[in-house]
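Values in this document were obtained by computation on a predicted structure and should not be read as measured data. Chain letters run A, B, ... following the sequence lines, proteins first, then strands; residues in each count from 1.
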Amino acid sequence: MTAGWTEDRVGALKKLWLEGQSASQIAKQLGGGVTRNAVIGKVHRLGLSGRATPSQPARAATTFRPARTRTTPPVQPSAPRRIEAAAPAPRPVVPPPPIAAVAELPGTATVMTLGAHMCKWPIGDPSSTEFSFCGRRASEGVYCVEHARVAYQPQIKRGGKEELARSLRRYI
DNA sequence: CCCTGATTCGC
DNA sequence: GCGAATCAGG
């Protein structure tokens, strides 16, 4: 039995993923012979990668991966399937804490209606029923222009917690 | 060795 | 589109 991704399952996947559940945990909860690889694969296909709520571990994409090369026969020298892979595309590692730090209007998207090209900036408590997403057109990465500015902060001036708190405070 | 997500690529 | 295999890291 191949577990097709029904809307129900996709919805559950989105919910759990954005709640901060790990891929393996989600796979276990979904059951039906779904592996964590399947979950991760689906997450990426949905454009949900780079979630805003990291789990317990801080292990995301810490460093750039040159990607794997299993048994790649030298097909053709000039066959770049992914141009982006060559460039160190700046990706948001961890956005500011969304919980209790969002003083914006409620998002227009819910976990069920959130599309692949909608801003995935979380608004509110993920465990709350009022939890929503910005939902505007995703411009830069998974966020809209406005939120991309926050997520893609080039760097935060070092100076300890005080500086960090001050930096984040500019957006709340 | 446990875990995490990311990516590629055959299907 | 799907996901196993693989990679890279904590």
Checklist entry - A:Gln29: what forms a side chain to side chain donor-acceptor pair (under 3.5 Å) with it, not counting sequence neighbours? => result A:Gln21
Checklist entry - Quick one: A:Leu13 CG to C:dG3 P, roughly how many Å, whole number? => result 11 Å
Next on the checklist: Can you measure A:Ile40 atom CD1 to C:dA5 atom C1' for me and round it to whole angstrom units?
Outcome noted: 12 Å
Item to check | Length of the line joining A:Ile26:CD1 and C:dG3:P, which is rounded to integer Å | outcome: 14 Å
Item to check | Among C:dC2, C:dA4, B:dG5, the nucleotide that comes nearest once only the side chain of A:Thr35 is considered | outcome: C:dA4
Checklist entry - How many Å lie between NZ on A:Lys42 and P on B:dT7, as a whole number? => result 17 Å
Checklist entry - Taking the side chain of A:Asn37 as heavy atoms from C-beta outward, which of C:dA4, B:dG5, C:dC2 is closest to it? => result C:dA4
Checklist entry - How many Å lie between CZ on A:Arg9 and P on C:dC2, as a whole number? => result 11 Å
Next on the checklist: With a 4.0 Å cutoff (strictly under), does any side-chain N or O of A:Trp5 reach OP1 or OP2 of C:dG3?
Outcome noted: yes
Checklist entry - Any N or O donor-acceptor pair linking the side chain of A:Arg36 to the base of C:dG3 at under 3.5 Å? => result no
Checklist entry - Do side-chain atoms of A:Lys14 reach the backbone of A:Leu114 as a donor and acceptor pair under 3.5 angstrom? => result yes
Item to check | Distance in angstrom units between A:Leu46 CG and B:dG5 P, rounded | outcome: 15 Å
Checklist entry - In whole Å, what is the span from the NE2 atom of A:His44 to the C1' atom of B:dT7? => result 8 Å
Item to check | Residues that A:Thr108 engages under side chain to side chain donor-acceptor pair (under 3.5 Å), provided they are two or more places apart | outcome: none
Checklist outcome for this item: Side-chain atoms of A:Ser49 come closest, of B:dC3, C:dG3, B:dA6, to B:dA6
Checklist entry - Which atom names give the shortest non-hydrogen contact between A:Lys42 and A:Val10, and what distance separates them? => result CE-CG2, 3.9 Å
Next on the checklist: From CZ of A:Arg45 over to C1' of C:dG3, roughly how many Å is that when rounded to an integer?
Outcome noted: 7 Å
